[in-house]
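Note sheet for the following structure.
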Amino acid sequence: MLPLTIPGLHISQEPSCLQISDYFIMTASKDLPPDTTPYYYLKIFLKSQLCTKAQLPPKNTTLIDKVAIVTGANTGLGLESSRQLLSYNLSLLIIAVRSVAKGEIAAATLRKEYPIATIEVWNLDMSSYDSIRAFVRRTETQLSRLDIVILNAGLQNMQFGVVPSTGHEETIQVNYLSTVLLSILLLPVLKNKSTVGTPGRLSIVSSGTALFARFPHRKFSLLLPSYDDPKNFDLIEQYSASKLLGHMFMWKLADYVSADDVVVNLVDPGFTKGTQLQRDVSGVVSLAMSLAKVITARTVRDGASTYVDATVVKGKESHGCFVMDWQIRP
């Protein structure tokens, strides 16, 4: 349960921000009406994947002297978004990964490309509360500055599995419970260690599949424990629900955290090829996904650019919002 107060942060009572764009008023996600047209999810997916062009940061963008953390940054979108942040002269990048050895391989590649930047690999196991707490303590004691955090680490299990140390199903554990814990613990760090007058930035990687969730677990009197019962496991629903729960968390979090302290948002990279998210998929499902990727998937470069957009380009107007296709969406 979200605490009523978060140490080091003050509650925002500001109304939703409005920003004039080229042709429309950009409104906070909470204030945008949901799409209720028939087959809306399929329409949104196809428009998103086939009709939306990537939006890159302005040419004068610079991250000189800034410090960023990217979780799950040894492969795929995490690695590519790290590369893109470095391309804007990021001073210090922390790659947060479960396997330090794999993280060092990725870091070695980035160091060759960006020899001036400092790149460190820190251990972070998203299935372990102890590891998450230790990681945050390290940010508190070893960093004099922290400007950007991208929580990219996530998984999509094809079979039911429980994390022994917590007793929770692994997809819900990593994508929701652990991500929420890490977010809450990092908020005071981002506030206190970002540049004075400039709020820290925290982007949690989400997914448009949250729109696809049927949410049958609403019928259970105890919501979260219902996901730990193998009889209730549905591989498609479980992943979608883990992202939908993140939307619910963000909806409430924005009431407790001021955009003057930390700008927090959800970002959807879209359906992207070249990632490790569906690495456990096999058989007919794997074949179908491979075909879908050929037809509709974004490149890793375009997918990762959504992260940079959410943390570097978007401003306070994105606080508490869901950023999809480089735009604020319901």
Side-chain angles (χ1 to χ4, degrees), residues 8-9 55-58 60-74 76-97 103 106-107 110 114 116-122 124 126 132 135-136 138-140 142-154 179 182-206 250 253-254 257-269 303-323 326:
L9 295 163
Q55 299 179 20
L56 301 179
N60 62 348
T61 298
T62 180
L63 297 176
I64 291 176
D65 296 329
K66 292 189 180 293
V67 177
I69 293 173
V70 183
T71 68
N74 60 300
L77 289 164
L79 177 59
E80 176 58 25
S81 60
S82 296
R83 178 178 285 113
Q84 292 183 22
L85 290 172
L86 290 166
S87 73
Y88 294 105
N89 299 311
L90 183 74
S91 294
L92 171 59
L93 169 69
I94 296 172
I95 295 175
V97 288
L110 294 176
Y114 301 97
I116 297 179
T118 299
I119 302 172
E120 299 180 5
V121 180
W122 289 15
L124 175 63
M126 290 294 288
I132 291 169
F135 179 85
V136 174
R138 192 172 179 183
T139 66
E140 293 169 339
Q142 296 188 23
L143 295 181
S144 59
R145 179 168 179 169
L146 181 59
D147 303 279
I148 297 169
V149 174
I150 298 175
L151 299 186
N152 163 76
T179 297
L182 182 57
S183 298
I184 291 174
L185 295 180
L186 282 173
L187 286 171
V189 185
L190 278 163
K191 178 195 172 183
N192 296 327
K193 293 181 182 288
S194 60
T195 307
V196 176
T198 302
R201 304 303 303 268
L202 172 63
S203 283
I204 303 171
V205 175
S206 186
M250 184 61 68
L253 184 72
V257 179
S258 170
D260 292 329
D261 292 336
V262 184
V263 175
V264 191
N265 56 39
L266 299 170
V267 57
D268 174 23
S305 73
T306 63
Y307 295 6
V308 180
D309 174 76
T311 55
V312 177
V313 180
K314 293 289 185 290
K316 293 181 181 179
E317 78 282 356
S318 72
H319 182 60
C321 292
F322 175 51
V323 183
W326 300 270

- Item | pair Pro199-Asp260: side-chain heavy atoms closer than 4.5 Å | no
- Message: Check this for me, if you would: do Lys314 and Asp309 make a salt bridge, where the nitrogen-to-carboxylate-oxygen distance has to be below 4.0 angstrom?
- Response: yes
- Task: Provide the closest heavy-atom pair for Gly103 versus Val97 in the form atom of the first, atom of the second, distance.
- Result: CA-CG2, 3.8 Å
- Query: Is the shortest heavy-atom distance from the side chain of Thr71 to the side chain of Asn152 under 4.5 Å?
  - Reply: yes
- Item | Trace of the side-chain hydrogen bond (donor to acceptor under 3.5 Å, both in side chains) decision for Arg201 with Ser194 | CA-CA 9 Å; Arg201 304 303 303 268; Ser194 60; over 6 Å; no
- Task: May I ask you to test the Val308-Pro57 pair for a side-chain heavy-atom distance under 4.5 Å?
- Result: yes
- Non-hydrogen atoms of Ile148 and Leu190 that approach each other most closely: N-CD2, 4.2 Å
- Apply side chain to side chain contact (heavy atoms under 4.5 Å, CB included) to Ser183 and Ile204, showing your working. CA-CA 8 Å; Ser183 298; Ile204 303 171; 3.4 Å; yes
- Which pair of heavy atoms, one from Val205 and one from Pro269, lies closest together, and at what distance? CG1-CD, 3.9 Å
- Query: What residues, two or more places apart in sequence or in another chain, satisfy side-chain contact (heavy atoms from CB on, under 4.5 Å) together with Thr139?
  - Reply: Ile69, Trp122, Phe135, Val136, Leu143, Leu186, Val189
- For Ala304 and Gln84, which heavy atoms make the closest approach, and how far apart are they? CB-NE2, 3.7 Å
- List in chain and number order the residues that pass side-chain contact (heavy atoms from CB on, under 4.5 Å) with Thr118, two or more places apart in sequence or in another chain; answer none if no residue qualifies. Leu92, Glu120
- Message: Out of the candidates Val149, Leu182, Leu202, only one should pair with Leu187 under the side chain to side chain contact (heavy atoms under 4.5 Å, CB included) rule; please name it.
- Response: Leu202
- Item | Residue that, paired with Leu79, satisfies side chain to side chain contact (heavy atoms under 4.5 Å, CB included) out of Ile95, Asn74, Leu110, Val70 | Leu110
- Message: I want to check something: taking the side chain as every heavy atom from C-beta on, are Ser81 and Thr306 in contact at a cut-off of under 4.5 Å?
- Response: no
- Item | Closest non-hydrogen atom pair between Met126 and Ala153, with its separation | CG-CB, 4.0 Å
- Message: Taking the side chain as everything from C-beta on, heavy atoms only, tell me whether Ile119 gets closer than 4.5 Å to Leu86.
- Response: yes
- With side chain to side chain contact (heavy atoms under 4.5 Å, CB included) as the test, would you mind laying out the steps for His319 and Val257 before giving the verdict? CA-CA 9 Å; His319 182 60; Val257 179; 4.1 Å; yes
- Could you walk me through whether Val312 and Tyr88 pass side chain to side chain contact (heavy atoms under 4.5 Å, CB included), step by step? CA-CA 10 Å; Val312 177; Tyr88 294 105; over 6 Å; no
- Begin with the C-alpha distance, continue with both residues' side-chain angles, and end with the deciding distance and a verdict on side-chain hydrogen bond (donor to acceptor under 3.5 Å, both in side chains) for Asn265 and Ser203. CA-CA 5 Å; Asn265 56 39; Ser203 283; 2.6 Å; yes
